[in-house]
Number of protein chains: 2
Amino acid sequence: MFETAVHDGRLARGERTRTAVLDAAVSLATEAGLDGLSLAQLAQRLGVSKSGLFAHWRSKEELQLATIDRARDQWAERVVAPAMRAPRGVRRIYALHEARMGFYEKAVLPGGCFFANAEFEYSVRPGVVRDRLVELFREWMCLLERLVGDAVAAGELPSDTDLPQLAFEIEALGMVAVVQSRLLPPTPAYAYARRAVRDRLRMLCRDPSLLPEVDA
Amino acid sequence: MFETAVHDGRLARGERTRTAVLDAAVSLATEAGLDGLSLAQLAQRLGVSKSGLFAHWRSKEELQLATIDRARDQWAERVVAPAMRAPRGVRRIYALHEARMGFYEKAVLPGGCFFANAEFEYSVRPGVVRDRLVELFREWMCLLERLVGDAVAAGELPSDTDLPQLAFEIEALGMVAVVQSRLLPPTPAYAYARRAVRDRLRMLCRDPSLLPEVDA
DNA sequence: CCTACCGATCGGTAGG
DNA sequence: CCTACCGATCGGTAGG
């Protein structure tokens, strides 16, 4: 009993350490790249030795995979979850776009978007890292398509709406907003991305009042 | 006279070599990244020694800047120039988008788009490389805005068209199409990007017949 | 243009 | 978890 408690305490502490290391890795990867992420740099930033990191992940590749999964959890918690509190339909689609813009604008990650950066970096670099990124990208696009499908099912969007087409457009506007925001700040890119998605949805929606007013 | 001819011949040969090296650098950079571009790898791919490259560019940074300018010339020649043969107005806007999609689809560069990749890689990495990328990005967005402005001036688009807004949307669709094409080929991303720009322009255009028919 | 070499940093390992 | 070390590769230089 006592030994189990000690064991659990150690596990819990280990888990907290692990998460803290991975949060730093996600953040560093948005600046240096997921490949540029160096074990020595990460160790130094955290005040531990390099071999301390090897105790948790046996290779750089394992660390990269763990970093990707941590970035996914962070995204699920800080972008997807808040949007899911909006009512199903076009309001939820827009809430997701808005949560995404907010995540970028708050500069949660110094390099903007972990996934956008990593997808460009690994788009033609075969291996397990790329495979995992592709898997999560598919998951993300499926979520977008499902939310669009929900809006169609709710009668808010026309029944002939092309789900993947609209999902692609929303994804494009979100991804390009974040890179432009880092490339030339301050930038109206977020305003353009918000307006484009809002106008597109209002144009299609049977009840445009479900979406925010278009400002002058 | 004779000496000048020899001199010119050498210069011309040197220039051809220089361009061939830079073409390889542009191509390699789309795979390994503009930072991941290593002098040793580039030298090996070209069958020359590393110091042979240092004879042309005194540092990696100089090579990176020359590579960026070469990518720009390639883009001007293979994407912008063909589009400029279309009549001014919405047809030219769409021709530019189409030339861009064609450039990506033909896989002129294995990693898709030199600029999209480099902009993500250097969006938060200060220095002269980033500065040059920002300059060229501004130049590109100005071109897009100018073409949209021409279409307004020609009376093909409404006079209250938001030029940078529409330019942003076109840029977003083009940039995301190329990364998705590399991330999960074959992909309908190009079809989505073409259709989105076409529909957007047709919706705004006073004479939709200027744009390609929307297929089923 | 070449060979040969420099110090720095990389990912990873040995031994404790 | 640490120190100490490995071979490989990096950008860059010396000397010719």
Side-chain angles (χ1 to χ4, degrees), chain A residues 6-7 9-26 28-29 31-68 118 121-122 125-130 132, chain B residues 6-7 9-26 28-29 31-68 118 121-122 125-130 132:
Chain A
V6 168
H7 192 55
R10 282 182 188 167
L11 278 180
R13 195 174 59 234
E15 197 52 41
R16 280 195 302 275
T17 304
R18 203 185 119 91
T19 302
V21 171
L22 291 178
D23 278 337
V26 169
L28 185 56
E31 295 181 289
L34 186 52
D35 186 62
L37 181 68
S38 122
L39 291 158
Q41 272 179 44
L42 181 60
Q44 194 191 5
R45 182 177 286 205
L46 290 162
V48 300
S49 71
K50 220 173 57 173
S51 64
L53 298 179
F54 275 106
H56 289 273
W57 304 277
R58 292 185 193 173
S59 69
K60 177 174 175 175
E61 196 172 82
E62 268 190 32
L63 174 64
Q64 289 173 312
L65 291 172
T67 302
I68 291 170
E121 192 178 2
Y122 279 88
R125 208 177 295 192
V128 294
V129 170
R130 184 198 128 103
R132 184 72 182 132
Chain B
V6 169
H7 192 54
R10 281 182 188 168
L11 276 180
R13 195 174 59 234
E15 196 52 39
R16 280 196 302 276
T17 303
R18 202 186 120 92
T19 302
V21 171
L22 292 178
D23 278 338
V26 170
L28 185 55
E31 296 181 289
L34 186 52
D35 186 61
L37 181 69
S38 121
L39 291 158
Q41 273 179 44
L42 181 60
Q44 195 192 5
R45 182 176 286 205
L46 290 163
V48 299
S49 71
K50 220 175 55 173
S51 62
L53 298 180
F54 274 106
H56 289 273
W57 304 278
R58 292 184 193 173
S59 70
K60 178 174 175 174
E61 198 172 80
E62 268 189 32
L63 174 65
Q64 289 174 312
L65 292 173
T67 302
I68 292 170
E121 192 178 2
Y122 279 89
R125 207 176 293 192
V128 293
V129 171
R130 184 198 128 103
R132 184 73 183 129

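For clarity, every value in this text was computed on a predicted model and none was experimentally measured. Letters go in sequence order (proteins before strands), and every chain restarts at 1.
- Counting to the nearest Å, the C1' atom of C:dA8 and the CD atom of A:Gln44 are 14 Å from each other.
- Nearest approach of A:Gln64 to A:Tyr122, heavy atoms of both residues: NE2-OH, 3.2 Å.
- Under the side-chain hydrogen bond (donor to acceptor under 3.5 Å, both in side chains) criterion, A:Ser49 pairs with A:Ser51, sequence neighbours left out.
- B:Glu121 pairs by the side-chain hydrogen bond (donor to acceptor under 3.5 Å, both in side chains) definition with nothing, not counting sequence neighbours.
- Atom CH2 of A:Trp57 is separated from atom C1' of D:dC1 by 13 Å (rounded to the nearest Å).
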**OP:** Step by step, work out the side chain to side chain contact (heavy atoms under 4.5 Å, CB included) result for A:Val21 and A:Trp57.
**Re:** CA-CA 11 Å; A:Val21 171; A:Trp57 304 277; 3.6 Å; yes
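- With D:dC2, D:dC1, C:dC1 as the candidates, the nucleotide lying closest to the side chain of B:Ser49 is C:dC1.
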Subject >> Nucleotide-resolved protein contact map, nucleotides 10-16 of chain D, B/S/- at heavy-atom distance under 4.0 Å >> reply: SBBB---
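- Within the structure, the salt bridge (Lys or Arg N to Asp or Glu O under 4.0 Å) test picks out no pair touching residues 57-66 of chain B (sequence neighbours left out).
- For A:Arg132, the side-chain contact (heavy atoms from CB on, under 4.5 Å) partners two or more places apart in sequence, or in a different chain, are A:Leu65, A:Ile68, A:Asp69, A:Glu135, A:Leu136.
- Remark: DNA chain C takes part in the stems C:1-16 with D:1-16, each of 3 or more antiparallel Watson-Crick or G-U pairs, criterion distances under 3.5 Å.
- Residues meeting the side-chain contact (heavy atoms from CB on, under 4.5 Å) test with B:Thr19, sequence neighbours left out: B:Glu15, B:Asp23, B:Arg70.
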For a quick test of your reading: what N or O donor-acceptor pairs under 3.5 Å do the side chains of residues 31-44 of chain A make, sequence neighbours left out?
residue	atom	partner	partner atom	Å
A:Glu31	OE1	A:Arg45	NH2	3.4
A:Asp35	OD2	A:Arg125	NH1	3.4
A:Ser38	OG	A:Ala40	N	3.3
A:Ser38	OG	A:Gln41	N	3.1

